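If you're wondering where the values come from, they're calculated on a predicted model, not measured in any experiment. Lettering follows sequence order; numbering is per chain, from 1.
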Amino acid sequence: MSGVNTTFLGGHATKSGLPEARDRTQIDKIIQEASKGSKFYAFQQRREQRIAEKVAALQIKKTQLSTGYSKAEQETRKWLADAESRRILERTYLHIDMDAFFAAVEVLRRPELATVPMAVGGESMLSTSNYVARTFGVVAAMPGYIARKLCPHLIIIPPDYTAYRAAGAKVHEVLRSYDPNMSSFSLDEASLDITDYLARSSATPEEVTEELRGRVLRASNLTCSAGVGCSRQLAKIGSNVNKPNGQFILPPDPEKILEFLKKQPVKRINGIGKVTAKILEDLLKVVTCADIISQATWIRLLFSEIQSEFLLLSALGMGSAFGDGDGSERKSMSVERTFKKIDALSDMQVVLKKLCKRLAEDLLEEEWAGKTVSIKMKTAAFDTLTRAVTLENPVSTDEEIYKHASKLLSKNKPPDLRLLGVRLSGLTTDAPRYRCLDDFAHEPVERPSCPVCTQSIDAHPDDTLRINEHIDKCLVPQSNLVPQSKKPRRTLDAFFNKSGPL
DNA sequence: ATACATACC
DNA sequence: TACTGGTATGTAT
């Protein structure tokens, strides 16, 4: 093993293929040189080692299971036939992927950037690059300083999310006219169910997609690529086929679908990343979706049921891709920051406090509270540690979150850190508005007492509005006209702030 | 419930 | 000099 695979160094170009000014080996060499000797490089080496061990363990498992293979093969055949019989071809999905989105928005403002290598991001990380930069091997998720080694003339533009949001909103508006329930994964990608639209319009999917892309272009001055298929997953894979500024229509025909997937590398499947792709290749020589089918028995024998079912269904083009379902509620909220290495607990606490404040602000905006507080620590060597506590009652203020987070930190303080994060999960919306009046009437409760006048307040302990009204009156006795805070919790928080840490 | 790993943009 | 941040989910314990 000569060095870390550049796929693990942020250099991989699984993105759309343009002719490259430099060939792949040359690019890989430059990335290697730029990374060698860094802590990050060492970390990736350890990571690759771990993956190699995992593959070795699976290889042993494979030899041990070889006697049961033929029986398992019968079952696999049955499983595949059964799955095939349930294929759904009736709905039509369209996946939209904006071309080099952030970079394209920047080009709108500064057209001269269209013809020079340019990327959006910072010295430590790039979000995207334009197509000129890609010919140098400069891609998203690559550190800016490495990108400069590949392309010394690269122009790096700091991101302007406000502009991207505005551009994204224009695009979404167009998309919603094709599917009002359109779900967008991010600013630059969206999945539409266009079955109803097609039924109404009597135009072909090709025509509708051309028209849609034309409308997106006119509304935003941005180009996009589109894929159409009978599942969201297929539509998404298809959107990559004729990128940029192109489209691909996959007919709802099982034979055409399988023929299309045959050539697709497994890495194209949403949910298969570089680790899974490497394990599949090293263990079973699986590279394409067709390989998944031909190795289906081993996949079922060696991987978990969830994992193998996902892989096989995906390879058949029947995967229920992410976003297929609900689109549901948020499950957690978190904040994390990377910084120059720190060693002292007190410095860590200062950062942690800021993170908690930020998290509390974000929580307040959507009125969430949560029962599980977690912290995430990344050492200077890039090892990640997480620690969590689950509480009796949901919390939402920075003081409460910090109280638990800092306990977790001091109990587990690593020698050094390059990143800290706080997360709140087990979320509930903390407003008492879902309680009906009956709850208040029947529950025997203790009256809360006022921290100012120390008298008991004639209100339920959850009734922060009335409690705050009372406290406000005590705090400002000369005024009868107490302006009602829209966010009652704030008043109480402000009152107790003095006793909080820092 | 907790820790860790993988994935996506 | 320098390798993100936010969210979800799968796996193992």
Side-chain angles (χ1 to χ4, degrees), chain A residues 4 6 8-11 14-15 31 34-35 37-44 47 50-51 54 97-98 100-102 120-128 139-149 156 158-159 161 164 168 184-190 236 267-279 303-311 321-323 325-341 355 358-359 362 371-378 380-391 408 412 418-427:
Chain A
V4 172
T6 49
F8 288 84
L9 291 172
T14 353
K15 281 272 170 194
I31 295 173
S35 317
S38 68
K39 298 223 164 111
F40 183 75
Y41 187 87
F43 169 72
Q44 291 296 13
R47 214 160 81 97
R50 236 183 299 131
I51 294 164
K54 198 170 164 186
D97 195 332
M98 302 303 294
F101 184 55
F102 294 178
V120 175
E123 289 306 303
S124 56
M125 192 48 65
L126 301 179
S127 310
T128 188
V139 293
M142 174 181 279
Y145 71 97
I146 289 178
R148 279 193 209 286
K149 303 233 157 137
I156 298 181
Y161 291 100
Y164 311 147
S184 61
F185 308 122
S186 61
L187 284 173
D188 74 326
E189 254 186 292
K236 181 172 163 75
K267 182 68 191 56
R268 286 279 163 83
I269 296 170
N270 202 309
I272 300 186
K274 44 196 174 184
V275 174
T276 311
K278 182 158 171 56
I279 291 173
F303 295 88
S304 74
E305 199 178 331
I306 290 173
Q307 183 83 340
S308 53
E309 187 165 306
F310 162 74
L311 290 169
F322 308 98
D326 24 36
S328 64
E329 289 248 286
R330 139 185 323 282
K331 298 209 168 46
S332 75
M333 199 178 252
S334 63
V335 186
E336 68 185 52
R337 235 21 42 121
T338 297
F339 37 78
K340 208 175 294 215
K341 184 190 87 143
L355 293 171
R358 179 54 194 271
L359 181 57
D362 294 348
K371 289 215 285 196
T372 304
V373 176
S374 324
I375 64 166
K376 173 173 165 182
M377 298 163 283
K378 184 143 74 179
F382 287 89
D383 292 307
T384 299
L385 308 160
T386 59
R387 292 292 179 270
V389 257
T390 298
L391 312 165
L408 292 172
N412 299 281
R418 73 183 326 272
L419 169 145
L420 255 179
V422 207
R423 167 188 310 273
L424 198 64
S425 50
L427 297 184

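Residue A:K274 contributes atom NZ, which lies 8 Å from atom P of B:dA7 at whole-angstrom precision. Following rounding to the nearest Å, A:N270 (CG) and C:dT7 (C1') show an atom-to-atom distance of 14 Å. Spacing between atom OH of A:Y164 and atom C1' of B:dC9 amounts to 14 Å, rounded to whole angstrom units. Rounded to whole Å, the distance from CZ on A:F40 to P on C:dT4 is 7 Å. A:D383 places its CG atom 15 Å from the C1' atom of C:dC3, with the value rounded to the nearest Å. With rounding to whole Å, A:E329 atom CD is found 10 Å from C:dA8 atom P. B:dA3 atom P lies 8 Å from atom CG of A:N412, rounded to whole Å. Between A:I375 atom CD1 and B:dC4 atom P the separation is 11 Å, expressed in whole Å.
Picking from B:dC8, C:dT4, B:dA7 the nucleotide with the shortest atom distance to the side chain of A:V275 gives B:dA7. For A:Q307, whose side chain is taken as the heavy atoms from C-beta onward, the closest listed nucleotide among C:dT11, B:dC9, B:dA7 is C:dT11. You'll find that the side chain of A:F382 is closest to C:dC3, out of C:dC3, B:dC4, C:dG6. Nearest nucleotide to the side chain of A:R387, out of C:dT11, C:dC3, B:dC4: B:dC4. Considering only the side chain of A:A141, C:dT4 comes nearest among C:dT4, B:dA3, C:dG6. Of the listed nucleotides (C:dA2, C:dT11, C:dT4), C:dT11 has the atom at the smallest distance from the side chain of A:I306. In this structure, of B:dC9, C:dC3, C:dT4, it is B:dC9 that holds the atom nearest to the side chain of A:D188.
In terms of phosphate contacts, A:K236 brings a side-chain nitrogen or oxygen within less than 4.0 Å of OP1 or OP2 of B:dC9. Put simply, A:R330 has no side-chain N or O that comes within less than 4.0 Å of OP1 or OP2 on C:dG6. A:T338 has no side-chain polar atom (N or O) that falls below the 4.0 Å cut-off from OP1 or OP2 of C:dC3. At B:dT2, none of the side-chain N or O atoms of A:S374 fall inside 4.0 Å of OP1 or OP2 (strictly under the cut-off). Regarding contacts with the backbone of B:dC9, every side-chain N or O of A:T128 stays at 4.0 angstrom or more from both OP1 and OP2. Between A:R148 and C:dA2 there is no side-chain polar atom (N or O) within less than 4.0 angstrom of OP1 or OP2. For A:R50 and B:dA5, the shortest distance from a side-chain N or O to OP1 or OP2 is below 4.0 Å. Between A:R47 and B:dA5 there is no side-chain N or O to OP1 or OP2 distance below 4.0 Å. Between C:dT11 and A:S304, a contact under 4.0 Å exists linking OP1 or OP2 to a side-chain N or O. Between C:dT4 and A:R337, no contact under 4.0 Å exists linking OP1 or OP2 to a side-chain N or O. Note on A:S124: every side-chain N or O is 4.0 Å or more away from OP1 and OP2 of C:dC3. Within the 4.0 Å cut-off from OP1 or OP2 of C:dT9, at least one side-chain nitrogen or oxygen of A:K331 is found.
In this structure, A:I269 reaches the sugar-phosphate backbone alone: every heavy-atom distance under 4.0 Å involves primed, P, OP1 or OP2 atoms, never a base. Within 4.0 Å of A:L126, counting heavy atoms only, lies no atom of the nucleic acid at all. Among the heavy atoms of the strands lying under 4.0 Å from A:L385 are primed sugar atoms or P, OP1, OP2 only; no base atom is included. Contacts of A:S127 with the nucleic acid, taken as non-hydrogen atoms under 4.0 Å apart, are absent.
Along DNA chain B, the nucleotide nearest A:L187 and the nucleotide nearest A:V389 are compared for position; the residue whose nucleotide lies closer to the 5' end is A:V389. Nearer to the 5' terminus of DNA chain C, by closest-nucleotide assignment, is the contact made by A:E123 (compared with the other of A:E123 and A:S334). Nearer the 5' end of DNA chain C, as judged by each residue's closest nucleotide, is the contact made by A:Q44, out of A:M333 and A:Q44.
B:dA5 sits 16 Å from C:dT4 when the P atoms are compared, rounded to a whole Å.
A heavy-atom distance below 4.5 Å is found between the side chains of A:F303 and A:I279. No side-chain heavy atom of A:L355 sits under 4.5 Å from any side-chain heavy atom of A:E336. Between A:L427 and A:K371, every side-chain heavy-atom pair lies at or beyond the 4.5 Å cut-off. Inter-residue side-chain proximity for A:V120 and A:P159 is flagged as met; some heavy-atom pair is nearer than 4.5 Å. Here the side chains of A:R337 and A:L419 are not in contact, with every heavy-atom distance at 4.5 Å or above.
Ring planes of A:F102 and A:Y164: parallel class, angle under 30° (limits at 30 and 60°).
Few gaps surround NZ on A:K378; more than 12 heavy atoms of other groups in view lie less than 6.0 Å from it.
Between the A:T276 side chain and the A:I272 main chain, no donor and acceptor come within less than 3.5 Å of each other.
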